[in-house]
Amino acid sequence: MLPADVPLSHLGPSVLLLLQLLLPPASAFFPNIWSLLAAPGSITHQDLTEEAALNVTLQLFLEQPPPGRPPLRLEDFLGRTLLADDLFAAYFGPGSPSRRFRAALGEVSRANAAQDFLPTSKNDPDLHFDAERLGQGRTRLVEALRETVAAARALDYTLARQRLGAALHALQDFYSHSNWVELGRQQPHPHLLWPRQELQSLAQVGDPTCSDCEELSCPRNLLGFTLLTSGYFGTHPPKPPGKCSHGGHFDQSSSQPPRGGINKDSTSPGFSPHHMLHLQAAKLALLASIQAFNLLRSRLGDSGFSRLLDITPASSLSFVLDTTGSMGEEINAAKIQARHIVEQRRGTPMEPTHYVLVPFHDPGFGPVFTTSDPDHFWQQLNEMHALGGGDEPEMCLSALELALLHTPPFSDIFVFTDASPKDAFLTNRVESLTQERRCRVTFLVTEDPSRAQGRARREVLSPLRFEPYEAVALASGGEVIFTEDQYIEDVAAIIGDSIADLVTLPLESRVVVAERPLVFRVDGLLRKVTVRIHGEVSSFWIRNPAGVSQGQEEGEGPLGHTRRFGRFWMMSMNDPPQSGTWEIQITAKGTPRVRVQAQTSLDFLFHFGIPMEDGPHPGLYPLTQPVAGLQTQLLVEVTGLGSRGNPGGPLPHFSHVVLRGVPQGAELGQVPLEPRGPPEQGLFAASLPPTLLSTLGPFSLELVGQDGAGRGLHRAAPQPCAVVPVLLELSGPPGFLAPGTTAPLSLRIASFSGPQDLYLRTSAKPSFALTSNLSRVHLEQNESAWGRLWLEVPDTAASDSMVMVTVTAKDGEASTMPPTHAFLRLLVQAPAPQDQLPAPAYSTDLVLNTSSPAFHLSTSVTQGGAWGGLLGKPWWTTFAGMLLLLSLGPW
């Protein structure tokens, strides 16, 4: 251990402090940049988290030269804003997509910010180092880090990022909420992350710590002592006489003597009485966050740490396979494609980082097989054969749900089957899960009514029996491709293309109409444009902006290469494709399906949020989907700006988002985008129109702008969104699930759009016993209901296994309104007295205790002010950091 007064310069020769490059303030111990409306010039939890992650990622890149490419040079990054796009372009090569990395950092940052909003965390002093609960806070901090490591080792990176966000929030709060900075400390606390030694020199219950301060700014209200203390917030627990308050607008305790407070959350005296020390606290919080990331890197290794933050341009590979006796050709096609992908991409930046395989038949499905080793995946897949099988239909959606639970976000999942689903009742839940996971599902269906061998049928099957697949594909942004056995190997070749980060180009008319061509636009940043047409097509032609056409004849043509496999056509355009407006004219029986895709690094991420001002800090509460009747912001993050083909040239400009109904494609409106931060960060915000938020149903997003030369740019979100009728919040206990225990869960339901009678259903995967004290509730507008659930974890539950709890709310048994779902991921782990992980060479052992206080909730309905006041003007976060620390060396 280092004593507290060891200067940073003694931490090792690789330590480089470039604090003079601190990015212009954007927001800090407030949750996210939305908080800047209240406190301009601050630095947020989100800024600290992303800056620390970018610095450690650069450190990893500097220490691990890219194979086949020149090593990165530190001097190339000095004196400039550090961006994820630039890092990926420098390390993996120009055009390498950083979308998944930025999405993973977004998960961590939003989990961090959510600690200030979630009802189970926002007022818990142990999670914010408040109320002099410093020892308890340290215990919860290291517990969250231990949970991060355990979840990552169990390959549940979503849960790991959630726990990492919670840990970083507490760690950063320590430097803002305690008097560590006021004591003159110039480096992070040496024992917060390695707690074998007790925290020393703590103020006791009877020690006065603050004097009265009636001003907003209280620079001298701390009494002259050298003990470590922190402020009290609110009324729970009550502030003892002589103790410091947190202080600021939201703190009720700050009006009780001694008045004032000591928090350094922002630069605003109205929120932070010690605002003058904000930057010093932010500096130490940033250094401590980098320490935490480096600690995780040492525990997980470079490979595990890279998967935790998705530091790769590659996707995962997930297969769901029907293994009944009629599926021999399909299974063989899956093996061929998997083998091709593994061999072609092994050792390259595009090698998949995660593999998932789920078999199904009748009446069973699973188990799920997950690995990061391509050889183990291939061995498992190669052992699968078409054996026996029952009658159609099959348990396809159950297997797909299992795959979704174990597939990383922003992935493609491929389902091979020749049967309709036996478990169609899962359709709505699987639809919601694909959107929550942001995964795209493609069904490859070899349905041949004339084939009798291998597939028995006990009844005449409905021609609509594949509609559940259509619904899931539509909700996920995927597709259903019907083909025949003799073509499945060729059609399955789309798998290799689909995991290469293709973008789908929007079609001006979503439905093929006779004599009216479909229109799409190509810009100069697109490559490998592919048009896929599927259906009973008699003829088609494609015309480029210069008027050059090519028809359905197979082989090479003036625009590209056309291939046909039964009812499936695929035209691959020559590179580079001509920029401008392209047309597709189709003559067909029925309604053919058309999809245009291309490769590009320029894409976008999005999510939704609710502006909050009811404390403990103003900020933006993140949502997966917008909620009917609730003022909602759309947050857009353009990726790939740093890896354009013309670095240094004019940046693209994006002006608005077009909202379209799904599946018809009718325009619902346009919302203007307001840029947030420097243009190279590609951050935008928009207010969703009230008319949209009053209409339930799916809609799509199309990002519209111009490139640096003024030519049009269009990008479509990979999957549609939906306005959901109610807000569901499902929270679990701190820590892991222990075998043989009962875990309490909390549920909150809120309505903002009028009276609703809701029926609630709960389920757990795997099928652990789950009970609830809330099965039906009536809500008026702006009313909330609270309930609790109990999840019984059996003694036989496997350690490191994941449990998914789902709550479904539906408005009446006969209602056509789509249900709302909430999902909660939990990890089972046997309790351990201390962390047995080997310590890194530069620190003592990390002891992570597992004890956590229980909490108790009761069912209640509250009326009015479900979210408190709402802020009006949209802001959003910066996704950039300045190079502050490249390595900590030995700690």
Side-chain angles (χ1 to χ4, degrees), residues 315-342 352 354-371 373-408 411-423 426 430 433-434 439-448 451 454-455 466 468-469 472-473 476 478-496 498-499:
S315 174
S316 65
L317 185 61
S318 293
F319 283 170
V320 178
L321 285 177
D322 185 343
T323 57
T324 47
S326 58
M327 286 291 294
E329 293 89 346
E330 293 86 340
I331 294 174
N332 187 57
K335 292 178 180 179
I336 292 173
Q337 287 306 313
R339 192 64 171 172
H340 176 72
I341 291 169
V342 167
H354 195 77
Y355 300 86
V356 178
L357 181 62
V358 183
F360 70 94
H361 48 86
D362 181 26
F365 62 93
V368 62
F369 174 79
T370 63
T371 183
D373 186 328
D375 294 323
H376 289 172
F377 173 73
W378 170 247
Q379 179 181 2
Q380 188 73 18
L381 180 61
N382 202 40
E383 292 175 357
M384 286 195 173
H385 302 282
L387 299 173
D391 59 306
E392 185 182 2
E394 306 286 356
M395 300 295 286
C396 180
L397 294 186
S398 297
L400 176 56
E401 182 181 39
L402 189 58
L404 281 163
L405 299 184
H406 293 86
T407 298
S411 298
D412 281 278
I413 299 176
F414 300 93
V415 181
F416 290 79
T417 186
D418 62 357
S420 56
K422 192 173 190 176
D423 43 9
L426 291 175
V430 172
L433 192 55
T434 64
C439 287
R440 182 169 54 191
V441 181
T442 298
F443 294 87
L444 299 169
V445 183
T446 50
E447 166 63 7
D448 184 356
R451 183 177 62 196
R455 174 73 70 188
F466 293 106
Y469 296 164
V472 170
S476 70
E479 58 187 319
V480 180
I481 299 175
F482 292 93
T483 187
E484 291 80 41
D485 280 347
Q486 64 266 36
Y487 302 121
I488 183 60
E489 183 177 325
D490 296 304
V491 173
I494 68 170
I495 294 172
S498 295
I499 67 170

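In what follows, residues are counted from 1 in the order of the sequence shown. Source: prediction; values computed, not measured.
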Report the residues that fulfil side chain to side chain donor-acceptor pair (under 3.5 Å) with [X], sequence neighbours left out, ordered by chain and then residue number.
X	answer
T370	none
E401	R429
S476	none
D373	none

Is L321 close to M327 at the side-chain level, that is, under 4.5 Å between some pair of heavy atoms?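 In short, these two side chains do not touch, never coming nearer than 4.5 Å.
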Search all heavy atoms of [X] against all heavy atoms of [Y] and return the closest pair with its distance.
X	Y	result
L397	P421	CG-CB, 4.1 Å
L357	F377	CB-CE1, 4.0 Å
P367	P359	O-CD, 3.3 Å
P363	M395	O-CG, 3.4 Å

Could you tell me which residues satisfy side chain to side chain contact (heavy atoms under 4.5 Å, CB included) with [X], sequence neighbours excluded, listed by chain and number?
X	result
H385	K335, L387
A333	I488, E489, A492
P374	V342, R346, E351, Y355
P408	S316, H354, S411

Candidates D322, T417, I481, D418 - the one meeting side chain to side chain contact (heavy atoms under 4.5 Å, CB included) with T446: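 Option passing the side chain to side chain contact (heavy atoms under 4.5 Å, CB included) with T446: D418.
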Quick check against the 3.5 Å criterion: does T323 have a side-chain atom that pairs as donor or acceptor with the backbone of F360?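 Pair found, side chain donor or acceptor close to backbone of F360.
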With sequence neighbours excluded, tell me which residues meet ring-ring contact (aromatic ring centres under 6.0 Å, His included) with F369.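 If we apply the ring-ring contact (aromatic ring centres under 6.0 Å, His included) test to F369, skipping adjacent residues, there are no hits.
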Taking ring-ring contact (aromatic ring centres under 6.0 Å, His included) as the definition, give me every residue that meets it alongside F319, ordered by chain and number, with sequence neighbours left out.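 With neighbours one apart ignored, the set is F416.
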Answer with yes or no after comparing the ring centroid distance for F482 and F443 against a 6.0 Å cut-off, counting only values under it.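 No: the rings miss the under 6.0 Å criterion.
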